[in-house]
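Quick note on labels: first sequence line is chain A, next is B, and so on, each numbered from 1.
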There are 2 protein chains.
Amino acid sequence: MGVTKTQVFTEKQNRIADLAKALAHPARIAIIQHLLKEKSCVCGDLVEVLPLAQATVSQHLKELKNIGILHGEINPPRVCYCINETVWLEAKAIFGEIFESEVAVTCCK
Amino acid sequence: MGVTKTQVFTEKQNRIADLAKALAHPARIAIIQHLLKEKSCVCGDLVEVLPLAQATVSQHLKELKNIGILHGEINPPRVCYCINETVWLEAKAIFGEIFESEVAVTCCK
DNA sequence: AATGTCTATCGTATTATTGCGATAATAAAA
DNA sequence: TTTTATTATCGCAATAATACGATAGACATT
């Protein structure tokens with residue numbers, strides 16, 4: 001095994017998990033925080049900010065791009081990465097929906 | 001390698017990533033959704049709801065317990081799992097903080 | 001004490017993730 | 001055309017995560 005049984009869960013449950021997985025690494029959190037705060041979104045700037053090798057940063061960017069949170073714009077010889085507002089708002093809504101639930105106080109009593 | 005370089009990131013970035021990792025599996029999303037919705041929080045009930053083996057469910061519960069999102073209460077011969085409101089509110093605040101940021105529209109322009 | 005019920009843990013197989021050096025690819029500039 | 005600058009991809013090694021059968025542990029009931 002070692003493979004998630006995605007087919008037995010709902011599409012939404014899988015989507016939430018996939019979005020969470022994209023956030024499940026401190027480097028990707030740092031990337032997102034940087035893109036939210038700074039205008040600069042060139043790959044090379046991120047490589048300087050992050051204490052990781054260029055290949056590793058590029059890989060994290062690819063993952064964020066795959067899930068849709070980022071999109072890259074080629075601006076030779078650079079590539080500018082930006083947050084995709086559509087997916088960002090989707091994630092905001094999805095996590096907002098989960099966390100707006102009240103925790104049942106009657107549980108285990 | 002294969003090991004995350006946690007020491008080069010901030011404590012908060014690592015905490016966000018760890019909380020996200022706890023949500024990064026559809027089974028754990030399903031567990032949380034069930035505990036938010038139903039009063040029943042006995043392990044055995046979760047095993048029935050989830051199309052996974054008992055050992056696998058127990059493992060997912062352990063991960064959620066380790067991060068602090070859940071706590072288990074022994075109620076022999078059962079174990080009742082509940083959402084830990086403190087950590088739940090921490091997660092809500094942390095994700096809320098990230099998503100309240102406006103996406104810069106001037107990026108890549 | 002023996003049994004039954006429920007949950008945790010162990011062991012194992014498989015796949016995924018992380019990290020990085022080396023190299024390829026792209027496109028402007030010299 | 002050659003060089004330079006920037007980013008993506010490949011290949012590898014090591015660790016992490018997923019899943020589950022088997023088994024152990026905890027505890028009430030008989």
Side-chain angles (χ1 to χ4, degrees), chain A residues 1-9 13-14 17-31 34-35 40-67 70-82 108, chain B residues 1-9 13-14 17-31 34-35 40-67 70-82 108:
Chain A
M1 287 90 213
V3 68
T4 300
K5 295 175 74 176
T6 55
Q7 71 285 356
V8 300
F9 299 101
Q13 285 167 338
N14 282 305
D18 285 341
L19 285 169
K21 194 182 290 180
L23 303 179
H25 194 290
R28 295 195 289 272
I29 295 294
I31 288 171
H34 189 266
L35 293 186
S40 154
C41 50
V42 172
C43 174
D45 291 345
L46 290 166
V47 172
E48 280 181 22
V49 171
L50 297 179
L52 296 173
Q54 182 266 324
T56 308
V57 174
S58 192
Q59 196 174 283
H60 284 302
L61 287 169
K62 188 182 177 183
E63 285 179 59
L64 289 170
K65 208 167 53 176
N66 283 344
I67 198 72
L70 300 189
H71 64 92
E73 208 166 281
I74 296 173
N75 195 359
R78 289 167 236 275
V79 174
C80 186
Y81 281 97
C82 319
C108 296
Chain B
M1 287 92 213
V3 68
T4 300
K5 296 175 74 177
T6 55
Q7 72 285 355
V8 300
F9 298 102
Q13 284 167 340
N14 281 306
D18 285 341
L19 285 169
K21 196 182 289 184
L23 304 178
H25 194 288
R28 295 195 289 272
I29 295 294
I31 288 172
H34 190 265
L35 293 186
S40 153
C41 49
V42 172
C43 174
D45 291 346
L46 290 167
V47 172
E48 280 182 21
V49 170
L50 297 178
L52 296 172
Q54 182 266 325
T56 308
V57 173
S58 193
Q59 196 173 282
H60 283 302
L61 287 169
K62 187 181 178 185
E63 285 180 58
L64 289 170
K65 208 167 53 176
N66 284 344
I67 198 72
L70 299 189
H71 64 93
E73 210 167 281
I74 295 173
N75 196 357
R78 289 167 236 276
V79 175
C80 187
Y81 282 96
C82 319
C108 296

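Between B/L52 and A/G44, the residue anchored closer to the 5' end of DNA chain D is A/G44, taking for each the nucleotide with the nearest heavy atom.
Sorted by first and then second residue, the pairs that involve residues 51-60 of chain A and meet side chain to side chain donor-acceptor pair (under 3.5 Å), not counting sequence neighbours, are A/R28-A/H60.
C/dC6 atom P lies 14 Å from atom CG of B/L46, rounded to whole Å. A straight line from NE2 of B/H71 to C1' of C/dT7 spans 18 Å, rounded to a whole angstrom. What separates CD of A/Q59 from C1' of D/dC10 is a distance of 11 Å, to the nearest Å. Put simply, CD on B/E73 is 15 Å from C1' on C/dT7, counting in whole angstrom units.
Taking 4.0 angstrom as the limit, A/H60 places a side-chain polar atom (N or O) nearer than this to OP1 or OP2 of C/dG19. Checking the phosphate oxygens (OP1, OP2) of D/dA16, no side-chain nitrogen or oxygen of B/K21 falls inside 4.0 Å. The phosphate of D/dA8 has OP1 or OP2 within less than 4.0 Å of a side-chain N or O from A/S58.
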Starting at the 5' end of nucleotides 21-30 of chain D, put B wherever the base has a protein heavy atom under 4.0 Å, S where only the sugar-phosphate does, and a dash everywhere else. BB----S---
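Side-chain proximity of A/H25 to C/dA8, D/dC20, C/dT18: nearest is C/dT18. For B/K62, the listed nucleotide lying nearest its side chain is C/dT9; candidates were C/dT9, D/dA16, C/dT18. Closest contact between the side chain of A/V79 and the listed nucleotides C/dA8, D/dT7, C/dG19 involves D/dT7.
Here A/L61 lies out of heavy-atom contact (under 4.0 Å) with every strand. Within 4.0 Å of B/T4, counting heavy atoms only, lie sugar-phosphate atoms of the nucleic acid but no base atom.
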